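Below, read A as the first sequence line, B as the second, and so on, with proteins coming before strands; counting in each chain starts at 1. Atom set for the values below is all heavy atoms of this structure, side chains included, hydrogens, waters and symmetry mates excluded. Fair warning: this is a prediction, and the values are worked out from it, not measured in the lab.
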Amino acid sequence: MATKIEAEPPELTRRESGDIRRIVLTGGWLLRASRALERKADEIVSQGRGARAVVIDMSAIANLDTAGALALNRARNELIRAGVAASFEDARPEHQMLIKETAIEILPPPRAKPTNLFVDLLADLGLSVVGALREYYRGTGFLGEFVAAIGHILLRPRLFRGTSLVYQIEMFGFRSIPIIVLINLAVGAIVAQQGIFQLARFGATTYAVDLIGILVLRELGVLLTSIMIAGRSGSAITAEIGSMKMREEIDALRVMGLSPIEVLVVPRVLALMVALPLLTFIADMAALFGGLLVSWGYGDISPTTFLVLLKDAIGVNTFLVGLIKAPFMALIIGLISTQDGLATLGSAESLGRQVTAAVVKSIFMVIILDGLFAMFFAAIHY
Amino acid sequence: MSDHANAARQPATNSIKEIVISVRGLVVQFGEHRVMDGLDLDVFRGEVLGFVGGSGQGKSVLMRAILGLLRKRAGVIRLFGQDRDALPPRQLRALEQRWGVLFQNGALFSSLTVRQNIQMPMRENRNISQRFMDDLAMLKLDLVGLPPDSADKLPAELSGGMVKRAALARALALDPELLFLDEPTSGLDPIGAAEFDELIGTLQKTLGLTVFMVTHDLDSLYSICDRVAALAGGKVIGAGSMQDMLASDEPWLRAYFHGTRGSRLIGSLGRRMGGREPA
C-alpha cells in the first residue's frame, strides 16, 4: 500500500453532453495534496460556472478523505449559489458517506468588531489599575487568613504540622546555603575591591572596611538573600501549589474539611520566616569573609587589622538592622508565592504566568520593604 | 457492522489482510520490573482492534512503545511494513503523519484554543490556506459532535467529555490511516460513549481507518471492535473476535468477559440480537 503515500494529485476533466456539463474527477482528493486540493476545487467552480446543470462525476476518484470531500462540497455549494444545478454522481458507497458526512453548513466564526485603539488603551489601563487594587485587597485578605490560621493553630497546637515545617526549612534553608554563601562571598569581595580602589585616591583605604561592614550587614546581606530566596524558593512554592491546584488536590483538601491555608501555606511561610534570618546570618558572614580576603590580598590590610577596624566600624545595631528585616522579607515572599500558587487556573500557561508574577512581585516588594525599613531606621536613629 | 466494514475493505486488501502494526518479541522494562515480556501482536488494515487488560498490566505502555514514546529493550515494531528503528528521521516524520493519537486525558495544548489545537498538525505539516483550515477545523468539530462555539474556547473551559472530543478532532486533523485511542470512552456519559463508538465506526468505514483502541468499555468492544486482544503477564494471552474471546477458557478472559458486568451485558445483548449469532 505504498501507493497510498505517493497518491496522484487531484485532477479534473470537463465533458459536455447536451445541457449537462460533466466534470470527471480523477486522482487522490486528499489533504496531502495541500494547495493543489484547494486550487482544483476552485477549478471545479470556474469550470462549472455558466452551465445550466453540472454533474460532478466521482466514479474515477482514487482516494478521498474528509478534506477532499469538504472541498468538493464547498465547490458544489458555490455552484448552487451561482444558480447552477450541481450534483454528485457515481460515487462509491464509502465516498458517498464521506460527502454526506462533510455536507455541513459552516458558519463563518463571528469576528470581533474593530474598536477604537485609544479607547482600548484606556480600557486596558483602567483594567490593570483595578486589577492591581484588587490584588492589594486580596493580598491583605490573605494576610488576614494567614494570621487567623496561625491563631487557630496556637489554640489547637495539635494542628501544627511540625514534620512539614522541618522539611520545608531543609528545602528552603539548608539546601540554599551553598548558593547563598557563593553569591555573598563574591559580592563582599567586589564591594571590598571597589571600596579600596576608589578610597585609595584619598588615602583612606582603611575606610573600605567600614564600607563593607555597614553596607553588607545593613543592606546587602539580607537583600541579596531575599532576592535569591524569592527566585529559588518562592517560584518553587508557586509552582508546587499551582500544580496541586490544577490537579484538584486543593479541592480534595477542602472537601476533607482541611484548610489549604493551614496545611500548605502556614508551614511554608513559617519555614521561610525561620530559614531567611538564618541564611541572612550566613550571608553576612560570607560577605564579610569575602571582604576580608580581598582586603588582605588587594588592599594589604591584614586579617587582624581588618577585624579591629571592623569592630570599631559596626555595632550590634548594624548587625541587627539586617537581621530584623529578614523575617518580614520571608513573610512577604511566602505570602505572595502561596497566594499566586492558589490563584492558578487550569492551564499550563496560567501556571507559568503565576510563577513569573510571584517572583517579580516578591522581588519588587522585597525592595520596597527594604526602602521602608531604611526610612524607619533612619527616623529612629538606629 | 463488521460485515459492512469487511465489504468496504475488500477491494483494498486483495483478499490477503495487510498488517499495519506488527509487534514481535517486544520487551519493555522499567528497572527490574518487566512490563512487556516478548509480546507479539498484529493489527490488520481496516480493523478496529480492542485492546484489553487489567489495570497496571501495561496497555498504555504498549501503545507508547508502538508510538515510539518509550524505549524498548528488545523486539521489532513494524508500522505499515516498515521497521521504525531503521527509518531515517525524514521518513519517520512522514510515518508519524499517517497516524492520529487520542491520549487518555486529551493532551490538548492548554494555551491554544480548540480551533488552534485542531489546526496545529495541519499548519505544521500541510500548506493550505487559513480559510480552508478554518473550515476543516469546523468540520472536524462537527464530526466529533462539538458545537461550533467551542472552537474559540480554551481547553480549560471545556468539560471532560468535550476535551475528549476536541482531542479526537485533533487526532483526525490530518485524516490519518491509523488511529490510536487510549480509553476513548472513559469519562463520557453512556449516550456520549455510544455516539463516540458510532462515530469511530463511521470513520473506520468511510476512511478505511485502522483503529487501535485501548479500552475497558465492554460496550465498545461489542459494538465496534472487529477483534479483541487481551494482555496479561506481559504477553498477549488471546486475540480474536469477540466470540473467540467469550469462548476462551483462559481464566483471566473468563473473569473479564464473564464477570458480573460482562455477563449482564452479554445477557442483554443476547436478548437484543434475538439469538442471531454471527459466525
Just so I understand: if I count every heavy-atom pair under 4.5 Å between each of Ala33(A), Ala71(A), Pro93(A) and chain B, which residue has the most? Ala71(A)
Segment of [X] engaging chain A (4.5 angstrom heavy-atom cut-off):
X: Leu154(B); result: neither
X: Ile128(B); result: both
X: Ala137(B); result: neither

Heavy atoms only, distances under 4.5 angstrom: which of Glu157(B), Arg131(B), Met122(B) has the most pairs with chain A? Name it, please.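 Looking at each option in turn, the highest pair count goes to Arg131(B).
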Given Trp99(B), which partner from the list Leu174(B), Leu67(B), Thr210(B) fulfils the side-chain contact (heavy atoms from CB on, under 4.5 Å) test?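 Running side-chain contact (heavy atoms from CB on, under 4.5 Å) over Leu174(B), Leu67(B), Thr210(B) with Trp99(B) returns exactly one hit, Leu67(B).
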State, without any angle test, whether [X] and [Y] hold a side-chain donor-acceptor pair at a distance under 3.5 Å.
X: Thr66(A); Y: Lys140(B); result: yes
X: Lys164(B); Y: Ser186(B); result: yes
X: Asp182(B); Y: Ser60(B); result: yes

Can we say [X] and [Y] salt-bridge, meaning some charged N sits less than 4.0 Å from an Asp/Glu carboxylate O?
X: Arg93(B); Y: Glu124(B); answer: no
X: Arg227(B); Y: Asp42(B); answer: no
X: Arg126(B); Y: Asp175(B); answer: no

Identify the residues of residues 36-44 of chain A whose heavy atoms come closer than 4.5 Å to a heavy atom of chain B, ordered by number, or report 'none'. Leu37(A), Glu38(A)
Excluding sequence neighbours, so at least two apart, what forms salt bridge (charged side-chain N to carboxylate O under 4.0 Å, His left out) with Arg170(B)?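 So Arg170(B) forms no salt bridge (charged side-chain N to carboxylate O under 4.0 Å, His left out) with any residue.
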Report which part of Ala69(A) has an atom under 4.5 Å of a heavy atom belonging to chain B: side chain, backbone, both, or neither.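 Contact with chain B involves no heavy atom of Ala69(A) at all.
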Decide salt bridge (Lys or Arg N to Asp or Glu O under 4.0 Å) for Asp83(B) and Arg24(B); before the verdict, give the C-alpha distance in whole Å, the side-chain angles of both, and the deciding distance to 0.1 Å. CA-CA 11 Å; Asp83(B) 183 355; Arg24(B) 285 289 172 276; over 6 Å; no
